[in-house]
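Model, not experiment: these values are computed from the prediction. One-based numbering, in listed order, for ligands and for the atoms of each. Note that these values count all heavy atoms, side chains included, but never hydrogens, waters or copies made by symmetry.
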Amino acid sequence: MRILVVGGGGREHALCWAIAASPLCDILWCAPGNAGIAAEATCVAIAADDVDGLVAFARREKADLVVVGPEGPLVAGLVDRLEAAGIAAFGPSAAAAALEGSKGFMKDLCARHGIPTAGYARFREAAPAKAWIARHGAPIVVKADGLAAGKGVTVAQSVAEAHAAVDACFAGTFGAAGAEVVVEEFLAGEELSFFVLVDGTHALPLAGAQDHKAVGDGDTGPNTGGMGAYSPAPSLTASLQRQVMDTIVLPTVRAMAAEGRPYKGVLYAGLMLTADGPKLLEYNVRFGDPECQVLMPRLASDIVPALMAARDGGLAKFDLRWRADAALTVVMAANGYPSDYARGSAISGLDAIAPDEAIVFHAGTKAEGGRVLANGGRVLAVTALGKTVAQAQAKAYAAVDRIDWPGGFCRRDIGWRAVARERGEGSGR
Ligand code: AMP
């Protein structure tokens with residue numbers, strides 16, 4: 001098969017790594033890719049949001065399958081355009097990608113179909129939004145409706161903070177994504193990410209993962225795209241997984257089909273484990289980044305037939321095997337991230353890390369004159385497998401410590417909650 005992966009971050013490196021290992025894959029391209037992806041795929045200089053350029057390339061090269069990594073091109077209709085051109089594509093249509101592209105759409109769908117989620121209201125003007133907030137009090141959550149690169153959510157601890165978030169949205173901080181605001185009830189509990197493959201009708205559970213959004217140790221400091229993750233998630237028991245499938249995922253799949261937006265692709269449910277049971281925080285219409293970097297190394301089966309089955313409507317009798325091992329990834333970011341950071345600092349020591357020690361997925365790098373240079377905020381995702389999360393953590397940090405990159409930093413406590421649980425210390429702080 002001739003396969004094109006769209007995107008150029010750590011998620012796409014993990015996808016390319018898994019797809020390149022498939023005996024079904026003859027030729028693999030990645031657009032635009034990065035310095036690490038170049039070891040698995042031929043990188044093509046087409047941006048992930050260049051829909052016309054990607055369709056033209058896939059056509060010219062007679063791609064048999066296009067796997068779309070990021071949400072932007074999915075929401076913009078890349079899969080619709082590829083399929084209309086006769087090219088098989090993995091991922092939801094634009095109509096189905098609205099589950100992530102519009103938080104208001106997602107909340108209304110949940111309301112119409114009785115799917116458990118936080119109480120909410122949608123607003124196009126500041127005054128009624130502020131009145132709703134004043135009536136409900138803090139803590140309360142303010143979200144830009146559209147795609148805001150993970151920055152559109154404010155968990156406000158005071159009414160004043162929530163009002164300021166509403167003003168920021170309507171002042172254009174998030175561009176068109178903030179033209180509408182969703183205000184929702186604050187949910188307390190432990191967070192969990194759960195991934196399923198969906199073929200329009202059937203859903204095949206993949207695995208759970210947990211990530212660390214805050215930049216600093218102890219989950220302190222500003223939020224980021226994710227500073228590390230691990231899988232499996234110890235809190236996702238078999239019975240909880242069944243409950244999530246029965247009360248959240250399958251009702252969503254049925255609802256989307258019934259409303260004429262059949263969902264195909266990977267569905268990533270962000271869940272809060274509340275005292276009243278699991279509730280949906282958000283849907284993402286793609287693999288998580290960095291969660292993909294821990295899911296792919298745990299997958300023992302060939303991923304390519306699974307991606308094809310999701311696209312072809314063939315998941316009913318599909319099964320995937322997973323390694324019993326835990327996987328943990330530590331994100332290394334450029335100094336200063338998530339605020340201003342510099343690009344172009346040199347990274348060395350990567351070649352010395354053997355594949356059985358750790359896999360170094362590249363999130364934001366470029367190759368120049370035989371060197372690897374940082375080329376983004378999140379730059380590397382150092383991933384290791386172990387019998388326990390603690391073992392995977394020790395191996396990942398041993399590899400991190402052998403990477404020579406004065407321009408970067410990482411958290412030193414990725415996985416702390418799971419490690420404490422393994423030690424019998426309960427779920428933490
Ligand atoms: P989202 O992009 O909607 O998942 O929001 C980003 C983060 O904000 C989530 O991972 C949660 O940590 C937090 N969050 C979102 N919605 C809520 C809520 N209703 N209650 C508490 N925390 C929330």
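Side chains of Tyr397 and Ile414 form a contact here, defined as non-hydrogen atoms less than 4.5 Å apart.
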Step by step, would you call Arg412 with Asp401 a salt bridge (Lys or Arg N to Asp or Glu O under 4.0 Å)? CA-CA 11 Å; Arg412 299 298 310 189; Asp401 290 338; 3.0 Å; yes
Verdict with reasoning, Glu259 to Arg112, per salt bridge (Lys or Arg N to Asp or Glu O under 4.0 Å): CA-CA 11 Å; Glu259 296 197 4; Arg112 282 196 295 275; 2.8 Å; yes
Would you sort out whether Tyr283 and Thr252 count as a side-chain hydrogen bond (donor to acceptor under 3.5 Å, both in side chains), showing the intermediate values? CA-CA 10 Å; Tyr283 273 130; Thr252 302; 2.7 Å; yes
Show the numbers, then the answer: is there a salt bridge (Lys or Arg N to Asp or Glu O under 4.0 Å) between Glu357 and Arg402? CA-CA 11 Å; Glu357 292 174 76; Arg402 293 172 59 193; 2.3 Å; yes
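Around atom CZ of Arg321, no more than 12 heavy atoms belonging to other residues, nucleotides or ligands sit under 6.0 Å away.
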When you pair each N or O of ligand 1 with protein N or O atoms, which pairs come out under 3.5 Å?
residue  : atom   : partner : partner atom : Å
ligand 1 : 2 (O)  : Glu282  : OE1          : 3.0
ligand 1 : 3 (O)  : Lys103  : NZ           : 3.4
ligand 1 : 3 (O)  : Lys143  : NZ           : 2.9
ligand 1 : 4 (O)  : Glu282  : OE1          : 3.2
ligand 1 : 4 (O)  : Glu282  : OE2          : 2.8
ligand 1 : 10 (O) : Glu191  : OE1          : 2.6
ligand 1 : 12 (O) : Glu191  : OE1          : 3.3
ligand 1 : 12 (O) : Glu191  : OE2          : 2.4
ligand 1 : 16 (N) : Lys143  : NZ           : 3.0
ligand 1 : 16 (N) : Glu184  : OE2          : 3.4
ligand 1 : 19 (N) : Glu184  : OE2          : 2.7
ligand 1 : 19 (N) : Glu185  : O            : 2.9
ligand 1 : 20 (N) : Leu187  : N            : 2.8

